[in-house]
Visitor: 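Take this structure first; my questions come after.
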Protein chains: 2
Amino acid sequence: MPEAHDMLFRSLADPTRRAIFERLCRDGEQTVGALTVHAGVSQPVVSKHLAILKQAGLVRDRHEGRNTHYSVQLGALAPLIDWTSEMAGFWQSRFDDLEDLLKRMDQ
Amino acid sequence: MPEAHDMLFRSLADPTRRAIFERLCRDGEQTVGALTVHAGVSQPVVSKHLAILKQAGLVRDRHEGRNTHYSVQLGALAPLIDWTSEMAGFWQSRFDDLEDLLKRMDQ
DNA sequence: AAGATCCATACCTCGTTGGCTATGAATCTG
DNA sequence: CAGATTCATAGCCAACGAGGTATGGATCTT
């Protein structure tokens with residue numbers, strides 16, 4: 001069972017995939033075709049990347065006729081923010097501990 | 001030239017590597033041996049992971065006799081925070097645009 | 001000095017994956 | 001209905017990467 005953070009980080013690790021996600025963040029909902037134009041890779045590759053992003057909970061799709069529109073999933077980045085905050089928190093708390101120690105040593 | 005964010009995300013994508021980084025965040029400076037005990041992989045593998053984390057700017061090393069101590073690099077997570085904020089910002093601003101639009105339509 | 005310990009590097013292997021083309025299903029359009 | 005368009009899936013391949021063992025350099029320890 002791949003931990004939840006795994007898919008998240010792994011999804012964003014690939015440059016092509018991250019670029020697609022960034023574009024969706026910047027410009028909002030896009031069809032596969034529109035995304036393919038700027039992706040620099042073939043349409044099937046874009047579709048595969050989108051499937052991975054979707055499975056990671058980063059994007060969602062909406063079907064309309066023969067078009068599929070992708071957009072950023074609400075709260076997509078929340079786990080990333082949480083993880084980062086947690087790690088930064090650990091770091092900070094140890095820093096505080098050191099500060100306390102130094103303060104007590106100072107007395 | 002691999003963009004800076006690439007190494008960052010790719011470094012954190014691997015579970016073993018991320019676990020090592022998390023441990024350094026939680027418990028502070030550690031020797032390679034200490035990290036290897038809990039890593040579940042061989043010592044050379046741990047060394048390699050640490051080299052990757054170091055190249056990504058996430059950790060730093062300090063040599064002391066035959067021991068090498070690794071610790072989280074100051075400001076390691078800053079680029080990650082920045083990127084996340086930027087993406088969330090794009091999303092938010094488009095949301096605001098929509099809100100404005102709806103507001104104007106409401107009149 | 002000899003052995004033990006710590007770590008990094010070299011080398012190999014195998015699974016994963018990101019890319020492609022081909023194709024088919026589904027939907028417009030003439 | 002026939003062709004065109006949009007997208008997803010399947011199959012394939014080359015490259016990468018994470019794991020292992022073997023080994024050597026450097027440093028304690030006796």
Side-chain angles (χ1 to χ4, degrees), chain A residues 1-24 27-56 58-73, chain B residues 1-24 27-56 58-73:
Chain A
M1 50 173 181
E3 204 173 328
H5 284 146
D6 262 54
M7 288 199 308
L8 194 60
F9 279 112
R10 290 211 18 245
S11 295
L12 297 172
D14 181 72
T16 304
R17 203 154 48 220
R18 194 172 60 254
I20 291 174
F21 179 76
E22 291 178 357
R23 170 163 285 271
L24 287 176
D27 303 336
E29 191 179 75
Q30 308 260 337
T31 68
V32 176
L35 290 170
T36 300
V37 173
H38 307 95
V41 292
S42 67
Q43 173 268 313
V45 169
V46 172
S47 280
K48 199 191 295 185
H49 282 313
L50 287 168
I52 293 174
L53 288 172
K54 181 183 172 187
Q55 201 191 355
L58 285 169
V59 304
R60 62 199 200 87
D61 58 349
R62 180 175 67 83
H63 297 279
E64 190 183 65
R66 61 183 166 181
N67 296 321
T68 309
H69 299 262
Y70 282 87
S71 57
V72 174
Q73 172 70 259
Chain B
M1 49 174 181
E3 204 173 327
H5 285 145
D6 262 53
M7 289 198 308
L8 194 59
F9 280 112
R10 283 187 6 92
S11 295
L12 296 172
D14 180 73
T16 304
R17 203 154 48 220
R18 194 172 60 253
I20 291 174
F21 179 76
E22 290 178 357
R23 171 163 284 270
L24 287 176
D27 303 337
E29 192 181 73
Q30 309 260 337
T31 68
V32 175
L35 290 169
T36 301
V37 172
H38 306 94
V41 293
S42 67
Q43 172 265 313
V45 169
V46 173
S47 280
K48 200 191 297 185
H49 281 313
L50 287 168
I52 293 174
L53 288 171
K54 181 183 172 187
Q55 201 191 356
L58 286 169
V59 305
R60 63 199 201 87
D61 58 348
R62 179 176 67 84
H63 297 280
E64 189 183 65
R66 61 184 166 181
N67 297 320
T68 309
H69 300 262
Y70 281 87
S71 57
V72 174
Q73 173 70 257

Visitor: Does B/Tyr70 have a side-chain nitrogen or oxygen under 4.0 Å from the phosphate oxygens OP1 or OP2 of C/dA8?
Guide: yes
Visitor: Specify the closest pair of heavy atoms between B/Met7 and B/Ser11, including all atoms of both residues, with the distance to one decimal.
Guide: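 Shortest heavy-atom contact: O-OG, 2.5 Å.
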Visitor: State whether A/Ser42 places a side-chain N or O below 4.0 Å from either non-bridging phosphate oxygen (OP1 or OP2) of C/dC20.
Guide: yes
Visitor: Please determine if A/Arg23 and A/Asp27 form a salt bridge, counting it only when a charged side-chain N lies under 4.0 Å from a carboxylate O.
Guide: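 Salt bridge: yes.
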Visitor: Nearest to the side chain of A/Lys48, which nucleotide is it out of D/dA18, C/dC7, C/dG18?
Guide: C/dG18
Visitor: Which whole-number value in Å describes the distance from A/Gln55 CD to D/dA8 P?
Guide: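 Rounded to whole Å, this separation is 15 Å.
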Visitor: Taking atom P of D/dA18 as reference, at what distance in whole Å does atom CG of B/Asp14 sit?
Guide: 5 Å
Visitor: Quick check: does any side chain N or O of B/Arg17 sit under 3.5 Å from a backbone N or O of B/Arg10, one acting as donor and the other as acceptor?
Guide: yes
Visitor: Provide the closest heavy-atom pair for B/Pro15 versus A/Asp6 in the form atom of the first, atom of the second, distance.
Guide: CG-OD2, 2.9 Å
Visitor: Just how far, in rounded Å, is P of C/dG19 from CG of A/Leu50?
Guide: 12 Å
Visitor: Would you say C/dT27 has OP1 or OP2 under 4.0 Å from some side-chain N or O of A/Asn67?
Guide: no
Visitor: Please determine if a side-chain N or O atom of B/His63 lies less than 4.0 Å away from the OP1 or OP2 oxygen of C/dC7.
Guide: no
Visitor: Is there side-chain contact between A/Leu58 and A/Leu12, with at least one heavy-atom pair below 4.5 Å?
Guide: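 They are in side-chain contact.
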Visitor: Should B/Ser47 be listed as having a side-chain N or O under 4.0 Å from OP1 or OP2 of C/dT9?
Guide: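 For B/Ser47, the contact criterion (side-chain N or O under 4.0 Å from OP1 or OP2 of C/dT9) is not met.
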Visitor: How long is the line joining CG of A/Asp61 and P of D/dT6, in whole Å?
Guide: 18 Å
Visitor: Taking 4.0 Å as the cut-off, does a side-chain nitrogen or oxygen of A/Thr68 come that near to OP1 or OP2 on D/dT6?
Guide: no
Visitor: Using whole Å, report how far CD of B/Gln30 lies from C1' of C/dC6.
Guide: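 To the nearest whole Å, that distance equals 15 Å.
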Visitor: I want to check one thing: is the phosphate of C/dT17, taken as OP1 and OP2, less than 4.0 Å away from some side-chain N or O of A/Arg10?
Guide: yes
Visitor: Under 4.0 angstrom, heavy atoms only, what part of the nucleic acid is A/Val45 near: base, sugar-phosphate, or nothing?
Guide: base
Visitor: In this structure, how many angstroms lie between the C1' atom of C/dC7 and the CD1 atom of B/Ile20, rounded?
Guide: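 The answer, rounded to whole Å, is 14 Å.
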Visitor: What's the CZ-P distance between B/Arg62 and C/dA8, to the nearest Å?
Guide: 13 Å
Visitor: Assign each of A/Gln43 and A/Arg66 to its nearest nucleotide of DNA chain D by heavy atoms, then name whichever residue's nucleotide is nearer the 5' end.
Guide: A/Arg66
Visitor: Taking atom P of C/dA8 as reference, at what distance in whole Å does atom NE2 of B/His49 sit?
Guide: 13 Å
